[in-house]
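Data block below; observations after.
We count ligands from 1, going down the list as the structure has it; atoms in each ligand are counted the same way.
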Amino acid sequence: MLDGRRILLIIGGGIAAYKSLELIRRLRERGAAVSPVLTRAAEQFVTPLSVSALAGAKVYRDLFDLTDEAEMGHIQLSRAADLVVVAPATADLMAKMAGGHADDLASTLLLATDKRVLVAPAMNVRMWEHPATRRNLARLAEDGVLAAGPNAGEMACGEFGPGRMAEPAEIVSAVEAALGAGPLAGRHVVVTSGPTHEPIDPVRYIANRSSGAQGAAIAAALRDLGARVSLITGPAAVPPPPGVAVVRVETAAEMLEAVRAALPADAAVFAAAVADWRVANAAGEKMKKDGSGRPPALELAENPDILASVARMGAGRPRLVVGFAAETTDVLAHATAKRLRKGCDWIVANDVSPATGIMGGAENAVTLITAEGAEGWPRMGKDAVARQLAARIAGALG
Ligand code: C5P
């Protein structure tokens, strides 16, 4: 909730400005007070009257409005808020912010504020991908500016790709996270992610095809709900999200140690594809062909089951322990049995047969198995699965 929090909302001039009206409603529903600022370009997309009506507050429109200066100077306005939100943050507005310009009310407020700033970028995909925008975004991140989105999808201009403004609900989550007010504020969640690499010798290893995408998305979604997240990741293809504490490991044994070191936690989500076996007789030197034509025999030893060991620990067990079950046959039966065998509270089950394209792909189709039974979720993006799971975790931790 955002009771009593004050948001200075700067609405930039882009087609996504219409979503800012919904954003105002959602922020107010959660108890925030919204002071809206419209750039001149924004007034081409939404009217001051509708913005003011929804905000239930005065709309600030122009730097040189003498009445406003008398009522409340721009310095004061920029500091009276708990958080400054720029939505939509156009390419132009982001460039001005990165360059420190102050030639209208919005940019002056952004330069004068001593509060954190959250941008929700929205622009054409080419503009988003332009090196100038990448540079500006990197500069803003260095300056401590937070970002929500953009999302990928079909755009108003008819093109497809990243650049769509984040949905109002996502921006509200980012606002809550920035203000430490999300439903998971004060909670610590441990997430494992990615594959593990089990050495055969110093240069070779046994691994699997996990990209780490689902685990990274879960860590980001939990962070967005305000949790402090410890992400313990094997060598994944997908980079860890910003704003979470990352511990990089290679082997299952290292992952177990890192998980133990990260506890205590309120919840733990084991999304890693941990190798079941390691090479028991891993060589200290690179193995060579000996000319006999006989390949070396690799002796395997079973790895510790990280999920089961945490789920079965007595004192200090996280209140909610969530495992994954990647199966290729009889998904439901195997996953239901796995929940009991491992002693975890929930299992997120999915079918990773090659035909589904899930392993390494952008989408996932999961079934959530709890003590109450099985619940099939429709196929959706891994980010959406992560957000839904994070919301369920927030609900369970209360
Ligand atoms: O037994 P299986 O590998 O199918 O179990 C999958 C679940 O157990 C996942 O949540 C995975 O992260 C976890 N796991 C683990 N340590 C292992 C093997 C699996 O934490 N050694």
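Compare Val310, Asn303, Leu307 by their heavy atoms: the one nearest to atom 15 (C) of ligand 1 is in Leu307.
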After noting the C-alpha distance and the side-chain angles of Glu375 and Arg392, does the key distance pass the salt bridge (charged side-chain N to carboxylate O under 4.0 Å, His left out) rule? CA-CA 12 Å; Glu375 190 186 301; Arg392 289 294 285 265; 2.7 Å; yes
Go through it in stages, so that I can follow the logic: the residues are Asp266 and Arg319, the test is salt bridge (charged side-chain N to carboxylate O under 4.0 Å, His left out), and I'd like the CA-CA distance, side-chain angles, deciding distance and then a yes or no. CA-CA 5 Å; Asp266 298 284; Arg319 199 138 56 86; 5.3 Å; no
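Arg30 contributes no side-chain N or O that, together with a main-chain N or O of Glu176, makes up a donor-acceptor pair within less than 3.5 Å. Thr251 places a side-chain N or O within donor-acceptor distance of the main-chain N or O of Glu254, the cut-off being under 3.5 Å. Of the possible polar contacts, none joining the Arg248 side chain to the Ile232 backbone as a donor-acceptor pair under 3.5 Å is found.
At the shortest separation from atom 9 (C) of ligand 1 among protein heavy atoms lies Phe324 O, 3.1 Å. Scanning all protein heavy atoms for the shortest distance to atom 18 (C) of ligand 1 gives Val274 CB, 3.7 Å. Counting only heavy atoms of the protein, atom 16 (N) of ligand 1 lies nearest to Ile306 N, 3.0 Å.
Close to ligand 1: Lys342, with a non-hydrogen atom less than 4.0 angstrom away. Proximity of Ala325 to ligand 1 is not established, as no heavy-atom distance is less than 4.0 Å.
Applying the 4.0 Å criterion to heavy atoms of Pro304 picks out, from ligand 1, the atoms 16 (N), 17 (C), 21 (N). Of all atoms in ligand 1, numbered sequentially from 1 with element shown, those under 4.0 Å from a heavy atom of Lys338 are 1 (O), 2 (P), 4 (O), 5 (O). Within ligand 1, counting atoms from 1 as listed, the ones closer than 4.0 Å to a heavy atom of Gly323 are 10 (O). The distance from ligand 1 to the heavy atoms of Phe270 drops below 4.0 Å at these ligand atoms: 9 (C), 10 (O), 11 (C), 12 (O). Each of the following atoms of ligand 1 lies closer than 4.0 Å to a heavy atom of Ala272: 11 (C), 12 (O). Interface of Asp276 with ligand 1, defined as ligand atoms under 4.0 Å from a residue heavy atom, comprises 3 (O), 18 (C).
Listed here is the closest heavy atom pair of Gly323 and Leu307: CA-CD2, 3.7 Å.
Salt bridge present: Lys96 and Asp103 bring a charged side-chain N and a carboxylate O closer than 4.0 Å. Using a 4.0 Å cut-off between a side-chain N of Lys or Arg and a carboxylate O of Asp or Glu, Arg164 and Glu167 qualify as a salt bridge.
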